[in-house]
Amino acid sequence: QVQVVESGGGLVQPGGSLRLSCAASGTIGSISDMGWYRQAPGKQREFVARIGSGGNTNYANSVKGRFTISRDNAKNTGYLQMNSLKAEDSAVYFCLAGRWWGQGTQVTVSS
């Protein structure tokens, strides 16, 4: 019914930047909250950032000041701008659009 598709993952160097996109489509009129979570190998999935329909944001302490979450309500698309990336940011990043999860996109930070 609802598809959530992430894009923008890839390999970046430490200190670099990457922008992830999350496009939601299907039999929904709109998305309430949108969020990003990540999961590294052998680790549990952890919260990264979220944004409400009105634009209010919340971030995990580990990414505050480096990541910025945003959304385009007209497109039902969310974004995660990641700056000053560190090796420990390497993980599969998942988008949660309302109650719907995306498939995840790999982010690797390495020299």
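Predicted model, so just to flag it, every value in this text is computed and none were measured. The figures that follow rest on heavy atoms only: side chains count, while hydrogens, waters and symmetry mates do not.
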Rounded to the nearest 0.5 Å, how far does [atom2] of [Y] lie from [atom1] of [X]?
| X | Y | atom1 | atom2 | value |
| --- | --- | --- | --- | --- |
| L80 | I51 | CG | CD1 | 10.5 Å |
| N76 | Q3 | CG | CD | 13.0 Å |
| M82 | I69 | CE | CD1 | 11.5 Å |

Minimum-distance pair of heavy atoms, taken over all atoms of [X] and [Y]:
| X | Y | value |
| --- | --- | --- |
| G78 | M34 | N-CE, 3.5 Å |
| V63 | V48 | CG2-O, 3.6 Å |
| G98 | S32 | CA-OG, 4.1 Å |
| V4 | C22 | CG1-SG, 3.4 Å |
| A40 | A91 | N-CB, 3.8 Å |
| N83 | S17 | OD1-OG, 2.8 Å |

Report task. Show the numbers, then the answer: is there a side chain to side chain contact (heavy atoms under 4.5 Å, CB included) between R71 and S53? Result -> CA-CA 8 Å; R71 65 189 295 166; S53 60; 4.3 Å; yes
**Report entry** Residues in side chain to side chain donor-acceptor pair (under 3.5 Å) contact with T108, at least two apart in sequence or another chain
**Finding:**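 Partners of T108 under the side chain to side chain donor-acceptor pair (under 3.5 Å) test: Q106.
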Query raised in the report: Who are the side chain to side chain donor-acceptor pair (under 3.5 Å) partners of R50, not counting sequence neighbours?
Result: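 Result, side chain to side chain donor-acceptor pair (under 3.5 Å) vs R50: none returned.
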Report task. Might you work through the side chain to side chain contact (heavy atoms under 4.5 Å, CB included) test for S7 and T105, ending with a clear yes or no? Result -> CA-CA 6 Å; S7 61; T105 185; over 6 Å; no
Query raised in the report: Are V5 and W36 in one and the same hydrophobic cluster, where Ile, Leu, Val, Met, Phe, Trp and Tyr link if side-chain heavy atoms are under 4.5 Å apart?
Result: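 Unlinked, V5 and W36 end up in two clusters.
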Query raised in the report: So do the side chains of Q103 and E6 get within less than 4.5 Å of each other, counting heavy atoms only?
Result: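 With C-beta onward as the side chain, the pair touches.
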Query - Pairs involving residues 35-49, ordered by first then second residue, that meet salt bridge (Lys or Arg N to Asp or Glu O under 4.0 Å) (sequence neighbours left out) - result: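 Sorted pair list: R38-E46, R38-D89.
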Report task. If a pair satisfies ring pair (Phe, Tyr, Trp, His ring centres under 6.0 Å) and one of its residues is in residues 50-90, list it, with sequence neighbours excluded. Result ->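 Qualifying pairs: none.
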Query raised in the report: Would the number of heavy atoms belonging to other residues, nucleotides or ligands and lying under 6.0 Å from CD of E88 be above 12?
Result: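 Yes - once you tally the heavy atoms of other residues, nucleotides and ligands closer than 6.0 Å, there are more than 12.
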Query raised in the report: So does Q39 have more than 12 non-hydrogen atoms from other groups sitting under 6.0 Å from CD?
Result: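 More than 12 within 6.0 Å, yes.
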Query - Under 4.5 Å side-chain linkage, directly or through intermediates, the cluster mates of L11 - result: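 When side chains under 4.5 Å apart are linked, L11 ends up in no cluster with other residues.
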Query - Residues that, via side-chain heavy atoms closer than 4.5 angstrom, fall in one hydrophobic cluster with F94 - result: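 Members besides F94, by chain and number: Y37, F47, V92, L96, W101.
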